[in-house]
Amino acid sequence: MNLADYRHAARAWLRDNAPSDDSQETDPITRAKDFMARLYDAGYSGITWPERWGGQGLTQAEERAFAEEARGYALPTYIFAIGLGMTGPTLVDRGTDAQRERFVRPLLRGEEIWCQLFSEPGAGSDVASLQTRAVRDEARGDQWIVDGQKVWTSVAHHADWGLLLARTDVDVPKHKGLTMFVVDMHHPGVTVRPLKDMSGRANFNEVFFDDVTIPDEHRVGEVNDGWSVAVTTLLHERLSISAGVGMGGQRDHPASVEALRQAVDTGDPLVRDQLVELHIRTRALALFNQRLAQETRAGIFPGARGSAAKLLLAELTMFQADLATQLVGPEAALAGHPLAQAISMAPGMALGGGTNEIMRNIVGDRVLGLPPEPRVDKTVPFKDLKVGTQA
Amino acid sequence: MNLADYRHAARAWLRDNAPSDDSQETDPITRAKDFMARLYDAGYSGITWPERWGGQGLTQAEERAFAEEARGYALPTYIFAIGLGMTGPTLVDRGTDAQRERFVRPLLRGEEIWCQLFSEPGAGSDVASLQTRAVRDEARGDQWIVDGQKVWTSVAHHADWGLLLARTDVDVPKHKGLTMFVVDMHHPGVTVRPLKDMSGRANFNEVFFDDVTIPDEHRVGEVNDGWSVAVTTLLHERLSISAGVGMGGQRDHPASVEALRQAVDTGDPLVRDQLVELHIRTRALALFNQRLAQETRAGIFPGARGSAAKLLLAELTMFQADLATQLVGPEAALAGHPLAQAISMAPGMALGGGTNEIMRNIVGDRVLGLPPEPRVDKTVPFKDLKVGTQA
Amino acid sequence: MKLVLSEEQQELRGAVRAFLRAASPLPKVREGFDPQVYARLNGELGLSGLIVPEEYAGAGADMTELTVVLEETGAALLPGPFLTTAFATVALTRVRDKELLTGIAEGRVLAALGGPLTGPLTGPLTGPGGAAGLTCDGSAVRGTLAQVLSGMEAGVLVAPARSGDGAVLVAVDLTGPGVSRTALETLDPTRGQARVELNGAPARVLGPRPDIGDLLCVALAAEQLGVMRAALDAIVAYAKVRVAFGRYIGSYQGVKHKLADMHAKLEQAESIVRYAAWSADESPDDLPEAAALAQAYVGRACFEVARDHLLLHGGIGYTWEHDAHLFYKRAKADEVLMGPPRVHRARLATLLEL
Amino acid sequence: MKLVLSEEQQELRGAVRAFLRAASPLPKVREGFDPQVYARLNGELGLSGLIVPEEYAGAGADMTELTVVLEETGAALLPGPFLTTAFATVALTRVRDKELLTGIAEGRVLAALGGPLTGPLTGPLTGPGGAAGLTCDGSAVRGTLAQVLSGMEAGVLVAPARSGDGAVLVAVDLTGPGVSRTALETLDPTRGQARVELNGAPARVLGPRPDIGDLLCVALAAEQLGVMRAALDAIVAYAKVRVAFGRYIGSYQGVKHKLADMHAKLEQAESIVRYAAWSADESPDDLPEAAALAQAYVGRACFEVARDHLLLHGGIGYTWEHDAHLFYKRAKADEVLMGPPRVHRARLATLLEL
């Protein structure tokens, strides 16, 4: 099928199958799973994934065509995003055949929901300093015993499986003593506690592990080679974040130029100039993202340059919410005002998926090739390393 | 004499003695020296310096009163600024009695001009990494032989004496192998070459030392203890820079609000708002400087907080020249336009007396008490240390 | 010009700071307005009567003392109507009928200053008329105030109203008849607002409307100075204990340089607040420029510092449990309290005759 | 929309870049305009005829190709009238009488585009009238142009003038009678300007004044993109070899993070220039917004990057001998070339119907 036909078919399928908002009677998770199954059965889930593991084996061109057609719909795929964007690709890249066989197809079909368990309270930007322990216990069959705490875990309360990074050796430097696992989120030792963000919504969770067992066949990659697996996952994360940034994607945001021109007095030349500034920044980033996308289509992989786009998006998100509240004035401080939500959520873009400082390091080190910061933490055995919060 | 009387007498003296601009027939250096002698003889040079070495032994209150009275005059004291602000106070603090006896009075009376010789091409922000060598030679009497190159030396072409920091031991860490000297600028091995700055003016010099001898009695402080002497000098430098920043001091600057309101169309609301922004920043810094001055008068020494003022001044200087050229447009790009000079000289404030990055480090470390950067250069012997420009 | 605090002022600051640290730490702030803390604030420190003239049982202090206190209540994010009562007190000291001041000084009366917060409060107090204004027939008031700061906690409303005698200031018992209040949830969880509808509520006419917009700007700037100082202190403290990649995050220039810039803003903000307070007390000719400068600079600097302090905390700063968002939201709510911030810049343009 | 260069365009870029690196390195740039370099630019690369239609001996290329070349001449800080000749060529391709184009394509004619640089060149070409405008009686021109870019090096002036038939474009031989030129020293030592007085100078009327302000904005933005790219490259290279306190300065976050921000600006600037060039070639409806966006964003970003690149060099960057100030000054001169930069923002406001 040529691309135009593909796009045409996708458009038709979406028109007929995208859920409308009036089916509120069913539980949203059930609805999302039902939709995902139909999406999969129609061949639109895992478009670029290998056919052998349940994907369609097509190219980024088809994936992009479908994404463009889907842009107008609010598809209920949010709870599958971690699986589709991060843990699934990691299993395809680094899992055993048995793991791919067991996990990939149910993931693509929405039968099982995934979360990702890397960050900890003491290990944010510096994920590799995490302290959750996994200890091998061959006495009780070949399995691992996990104890510790994770944080910032999206959809953990719905998840069936989690991709867990844990420390398996404290006598080697921090990157060298980690191992990756698939953990059963229904295990009785797993406790999920919602974590409210500063806007008051519980978009994240804390996850506690207390004597949780994992069979060794659910280990992903070699023992103590978990960091290289995590890098694969984080690479996919960064790609899926930057893919979400498109031209016009901010149009219905309450702090967009389009929304603000309705809300403020554009008769004031200063207000007008502020909206011009917002337009300039919005367009500059949108065009950069489009250029990255065109380069990707032409086979030039953006790599670490995507971190510049993420940095700019975080700054723009903060800038526009800040600007909009200033323009609107006291009303914007009422909790019900969309801009009060916007300013409450604006820091999230800078804090999820790597802080602005981390993004600048990545751009400096990997795009510009600048010399690295001297690192003490790469050679010291983990047990002797300062981590987390210490005086 | 009470302060009001002091101020009154100073005002009268300045009215009668401040040189007018019409005496162009004499050489400016001669005129400056003549004025300095009269200033000294009247008791207005070295107001706070110890009487024993030729000063007046008065307080900062008298010094400030005189400075305030002098503000309206363009006194020809520029060529003495390094001596009065930096090298003189260093000798008073750290010199031997013989050195104080020999150097301080002629310095205060303007009979001898001083320069300061610390920075080198390979040692800018990191002054202590300098490479100019001083080797002791007891065979030719107890003296030192100096070879090397200094840079950024103001008034070197007029100077009789220089305060020179040189390396006397390469086998110890960089801060521990430096010694301070007074060097005779008329020695035949000293070559002064003007260095044009980016505005095309030669405000600085390079100074080359080729087999220059210095008698050991011109050493200031102990052998290899030169860094602590240099810290004294740099502290005095920072004080004299921040003392120059006063309210209204920018009024006749071509990029000041006062100048710009004459030059641009304030009928345009956007232009007006830009001038408001400039006013806000100018006032904010002026008030901060006034507060520091009031605190100083009240006995609260500003210390490293002065570095915040210096940082803000550097940023304001750049901001206002940049803004003014934008407001004025193409004419500002003509070399004869005052704003072309302003934008050409604007970076100087950020680069003289410590870069913005150095100022931020000082504020972070010494005002906020933040943990220091890990340092490799404090322990490595100098001869094994990377310095200057290296691939 | 006086830009440094006297010893007495420093003592006042120390006393308020120590009291609030003990009586209203941040976990308590999250619980909202506590009348008992207010009772002690007044009983032990006499703060509610601080600027009330001595003949009305107050301490008769100047605006400078008020700014010293507001800086501390700001730093503590003190919940409740302290700021708006200070606003109202400023207004009441400048009208004919000062009776209410005694109740304020004695801590019996919590007054809120009304006037649509969206109006030009920064100029003369909000003029009568307009959609949200009040009208007064001499003994009763009608009209709606869309956003009254701490309007649910206060017992008395002080607000400008249009009357037959021109613009007057009126006082209304918020617990009395003819008053309908609706709590408004706000961005800032530590301090709410209320919509107040007056349908012939009994009112006392206090005198002609006073011109206090500049004084309110100065008072608010003092609170903002406290908010930014406390936010900076919090992140500096965190940068000294939080480790990433084997080093304290405060040792990274990416963090350290930003903190240095924040400190530089704080130094300038404090200088401006001192200058504005001095102008209010000693140099009324300078006050309009100083007040507009205070809001134009300090309001922005406060939000920028609160924003960066939150961001530099990393993910933990984005959680509800962490206090960073409380400073961030107070800073934003304060920035827009007097109207869109551009009004202060516009006023500066006018005052500079640009 | 096309935001990436084709293979042919990348080859063109590579060829120009290699040529300029060899023929016009920065030490040579300091010596000023060299006609021999221009002869080779034309002879070996055919650049002067790049956008001249084939029937006038040119290569008939699009604006996108021109922006590719101008990015490189900008990066090299090429001295002389290359940019203004490109401006003039854009104008000449859009009038009735295209005769001059042959001379330009063959490298015989260096044309300068006049029009007071202080006027609204960003809109339609500067209208006639006003203090600095030209008038034409059909065969001779009178008037003064206060600042003509590269006006001393160019042989022909192309400028708008008022005539009996309305606004026209005229061509004047700058070496002919009735022309008085005064060299103007400029901030940017690599490219001068001239004051041009015309006292009945013989002129050829080329046709009605074309509307090319947007295209000039795009062309200039391409030069600015080159300037900022080269400035960033220079400081990145320095940060990899300069040591302070025992470490390469590029390893300090204080430097690294600023360089990352500069890179982010460069990425956005390049995206905008590509978009604007594509609009010029393929989507005229988008051109006005794209052109104003290009000047509003790229002009500012270029100066900011050039400024920070200079500052990050430390003291050496402040010397005349170092090249940093050449980029800084070109960036500032370019930023104001089309008038005060706010005109582009004002135009965006109009185009967005704000």
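Every chain is numbered from 1, with letters handed out A, B, ... down the list of sequences. Atoms considered below: every heavy atom in the structure, side chains included; atoms not considered: hydrogens, waters and symmetry mates.
In this structure, chain B has heavy atoms under 4.5 Å from both the backbone and the side chain of D:L311. For B:L334, the parts sitting under 4.5 Å from any heavy atom of chain D are the backbone and the side chain alike. For B:S129, no part lies near chain D; criterion is any non-hydrogen pair under 4.5 Å. Only the side chain of D:R300 comes within contact range of chain B, judged by heavy atoms closer than 4.5 Å. At a 4.5 Å heavy-atom cutoff, the contact between D:E185 and chain B is made by backbone and side-chain atoms alike. Residue B:A314 does not touch chain D at all, counting heavy-atom pairs closer than 4.5 Å. At a 4.5 Å heavy-atom cutoff, the contact between D:L312 and chain B is made by side-chain atoms alone. Looking at D:R342, the atoms closer than 4.5 Å to chain B (heavy atoms on both sides) all sit in the side chain, from C-beta outward. Only the side chain of B:K174 comes within contact range of chain D, with heavy atoms under 4.5 Å apart.
Between the side chains of D:Q224 and D:E335, no donor-acceptor pair of N or O atoms lies under 3.5 Å. Side chains of B:Q116 and B:T153: no donor on one and acceptor on the other come within 3.5 Å. With 3.5 Å as the limit, one finds no donor-acceptor pair spanning the side chains of B:S119 and B:K150.
The candidate with the highest count of non-hydrogen atom pairs below 4.5 Å against chain D, out of B:A340, B:G124, B:G348, B:A350, is B:G348. Contacts with chain B were tallied for D:A333, D:G317, D:G314; D:G314 has the most, counting heavy-atom pairs under 4.5 Å. Ranked by heavy-atom pairs under 4.5 Å with chain D, the first of B:G122, B:G388, B:S125 is B:G388. Most heavy-atom pairs under 4.5 Å with chain B: of the set D:L310, D:I249, D:T186, D:L326, this distinction falls to D:T186. Interface remark: of the candidates B:M318, B:E357, B:R360, B:M318 forms the most heavy-atom pairs closer than 4.5 Å to chain D. Ranked by non-hydrogen atom pairs under 4.5 Å with chain D, the options B:D322, B:L385, B:V151, B:I358 are led by B:D322. For the set B:Q326, B:M345, B:Q341, the count of heavy-atom pairs under 4.5 angstrom toward chain D peaks at B:Q326.
D:H263 meets the ring-ring contact (aromatic ring centres under 6.0 Å, His included) test with no other residue; sequence neighbours excluded. Remark: D:T190 pairs with D:D188, D:R330 by the side-chain hydrogen bond (donor to acceptor under 3.5 Å, both in side chains) rule, at least two apart or across chains. Among residues two or more places apart in sequence or in another chain, the side-chain hydrogen bond (donor to acceptor under 3.5 Å, both in side chains) test is passed with D:H325 by D:K329.
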Which is it for B:K310 and B:E315 under the salt bridge (charged side-chain N to carboxylate O under 4.0 Å, His left out) test, yes or no, and what are the steps along the way?
CA-CA 9 Å; B:K310 158 71 168 68; B:E315 291 187 327; over 6 Å; no
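Residues D:R30 and D:D323 have side chains in contact (heavy-atom distance under 4.5 Å, counting atoms from C-beta outward). In this structure the side chain of B:L275 never reaches within 4.5 angstrom of the side chain of B:R272, judged on heavy atoms. Inter-residue side-chain proximity for D:E304 and D:K265 is flagged as met; some heavy-atom pair is nearer than 4.5 Å.
Residues of residues 362-369 of chain B lying within less than 4.5 angstrom of chain D, judged on heavy atoms, are absent.
Both the sub-6.0 Å distance and the 45° axial angle are satisfied by B:R281 relative to the ring of B:F319.
For the pair D:K256 and D:D261, the salt-bridge criterion is not met [side-chain N within less than 4.0 Å of a carboxylate O]. A salt bridge links B:E373 with D:R247; the closest basic N to acidic carboxylate O contact falls under 4.0 Å.
Taking the six-membered ring for Trp and thresholds of 30 and 60 degrees, D:H322 and D:Y238 have ring planes more than 60 degrees apart, a perpendicular arrangement.
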